[in-house]
Amino acid sequence: MSPESKTVQGDPSLELVLELAAPSIGDRVIDVGTTVGTTAFALAGAVASVLAVDDRKDTIDEALRLNREIGAENVGFALANLYALPFADGAFTLATCRNALHRFHEPAAALREMARVVTPAGRLVVYDLLVDEQLDRALNELARLSDPSHRRYDTHDEFLEDFEKAGLKVTDERRLHRTVHLEYWLEAAAVDTGRAELIRTRLQELPLKVQTALDLAVADDLVSFSYDDIGFRLEHA
């Protein structure tokens with residue numbers, strides 16, 4: 001089994017992104033907001049090349065360290081302005097943005113740049129957490145407590161509005177219902193002890209109807225909750 005296969009196996013979000021992307025060996029991919037390169041590594045074995053970009057040097061440094069271990073020779077990393085990508089129009093056939101749009105302060109502008117660097121016949125895949133009217137405030141507040149760079153998780157209408165502003169149309173969309181254990185969620189976000197305790201308290205102080213919508217469960221100090229993610233396959237309008 002290749003390193004890329006190991007990266008995907010057991011992660012339903014990566015599996016969904018790959019299904020929507022339908023990568024082929026001729027694809028030139030840009031992964032925008034890559035953080036430590038997880039999506040880029042997952043795509044590497046199925047495409048010609050992947051360029052993974054982010055605007056944070058610490059995450060690019062960590063991605064480069066991981067790539068030295070994984071050895072994905074067709075994956076490159078670059079620090080870039082995500083609102084003014086330093087690449088020619090149509091330089092890529094596929095763009096991916098997984099679990100990153102929620103921290104972009106100008107999501108439509110970032111999407112417009114992704115669209116610009118993708119060929120007219122290419123496609124884009126955007127994947128992130130989805131909120132509705134009932135969970136909007138609670139999940140966005142929890143996310144800001146765990147990650148100061150968080151902007152907001154969007155509603156379905158907000159996603160569609162940003163896609164339209166970027167000149168993109170949805171050709172496929174799929175939802176994924178996820179249940180997470182709070183301790184794993186906190187560890188993955190590297191949340192410090194003080195903020196972690198505040199998040200635990202906030203979760204259990206949410207209105208009952210919100211707790212019910214989150215499927216909030218507490219047993220023997222183990223806390224879990226559920227939410228929906230959504231993935232979109234997009235093309236030029």
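This structure is a prediction, so every number in the text was calculated from the model and none was measured.
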Under a 4.0 Å threshold between the charged nitrogen and the carboxylate oxygen, would [Y] count as salt-bridged to [X]?
X: Asp11; Y: Arg98; answer: yes
X: Arg233; Y: Glu19; answer: no
X: Arg56; Y: Asp58; answer: no
X: Arg65; Y: Glu62; answer: yes
X: Asp55; Y: Arg103; answer: yes
X: Asp136; Y: Arg152; answer: yes

Determine, stepwise, if the pair Glu106 / Arg151 fulfils salt bridge (Lys or Arg N to Asp or Glu O under 4.0 Å). CA-CA 9 Å; Glu106 299 177 55; Arg151 174 189 59 88; over 6 Å; no
Do [X] and [Y] share a hydrophobic cluster, counting only Ile, Leu, Val, Met, Phe, Trp and Tyr and linking them when any side-chain heavy atoms are less than 4.5 Å apart?
X: Phe163; Y: Val117; answer: yes
X: Leu94; Y: Phe87; answer: no
X: Leu79; Y: Val32; answer: no
X: Val131; Y: Leu203; answer: yes
X: Ile230; Y: Leu14; answer: no

Do Thr34 and Asp54 have side-chain N/O donor and acceptor atoms under 3.5 Å apart?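 Judged by distance alone, the side chains do not pair up.
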For the residue pair Tyr153 and Asp128, confirm or rule out a side-chain donor-acceptor distance under 3.5 Å.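 Side-chain D/A pair, Tyr153 to Asp128: absent.
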For [X] and [Y], indicate whether the former's side chain and the latter's backbone hold a donor-acceptor pair under 3.5 Å.
X: Asp27; Y: Ser24; result: yes
X: Arg202; Y: Glu141; result: no
X: Thr93; Y: Arg28; result: yes
X: Asp172; Y: Leu20; result: no

Quick check for you: to the nearest 0.5 Å, what is the distance between [X] atom [atom1] and [Y] atom [atom2]?
X: Leu64; Y: Glu69; atom1: CG; atom2: CD; answer: 12.0 Å
X: Leu130; Y: His177; atom1: CG; atom2: NE2; answer: 12.0 Å
X: Glu235; Y: Arg123; atom1: CD; atom2: CZ; answer: 9.0 Å
X: Arg178; Y: Ser224; atom1: CZ; atom2: OG; answer: 14.0 Å
X: Thr212; Y: Leu208; atom1: OG1; atom2: CG; answer: 4.5 Å
X: Phe77; Y: Leu66; atom1: CZ; atom2: CG; answer: 7.5 Å

Check whether any side-chain heavy atom of [X] sits under 4.5 Å from a side-chain heavy atom of [Y], and report yes or no.
X: Phe225; Y: Val180; answer: yes
X: Pro148; Y: Arg195; answer: yes
X: Leu16; Y: Asp229; answer: no
X: Leu186; Y: Arg200; answer: yes
X: Tyr127; Y: Leu176; answer: yes
X: Gln211; Y: Leu206; answer: yes
X: Phe232; Y: Leu124; answer: no
X: Leu139; Y: Leu214; answer: yes

What are the two closest non-hydrogen atoms of [X] and [Y], and how far apart are they?
X: Ala44; Y: Val75; answer: CB-CG2, 3.5 Å
X: Pro107; Y: Asp162; answer: CG-OD2, 3.5 Å
X: Cys97; Y: Asp31; answer: N-OD1, 4.3 Å
X: Leu85; Y: Ala80; answer: CD2-CB, 4.5 Å
X: Val210; Y: Ala138; answer: CG1-CB, 3.8 Å
X: Gly90; Y: Thr119; answer: O-CG2, 3.3 Å

Take the angle between the ring planes of His102 and His150 and call it parallel below 30°, perpendicular above 60°, tilted in between.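 It falls in the tilted class, 30° to 60°.
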Mind checking whether Tyr83 and Phe104 have parallel, tilted or perpendicular rings, split at 30° and 60°?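 Perpendicular, since the angle between the ring planes exceeds 60°.
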Does [atom1] in [X] sit with more than 12 non-hydrogen atoms of other residues, nucleotides or ligands closer than 6.0 Å?
X: Glu187; atom1: CD; result: no
X: Glu164; atom1: CD; result: no
X: Arg137; atom1: CZ; result: no
X: Glu133; atom1: CD; result: no

Check step by step if side-chain contact (heavy atoms from CB on, under 4.5 Å) holds for Leu160 and His156. CA-CA 6 Å; Leu160 297 185; His156 191 267; 3.5 Å; yes
Given Val17 and Leu43, is the side-chain contact (heavy atoms from CB on, under 4.5 Å) satisfied, shown in steps? CA-CA 9 Å; Val17 167; Leu43 285 160; 5.6 Å; no
Step by step, would you call Phe92 with Val29 a side-chain contact (heavy atoms from CB on, under 4.5 Å)? CA-CA 6 Å; Phe92 304 92; Val29 184; 5.8 Å; no
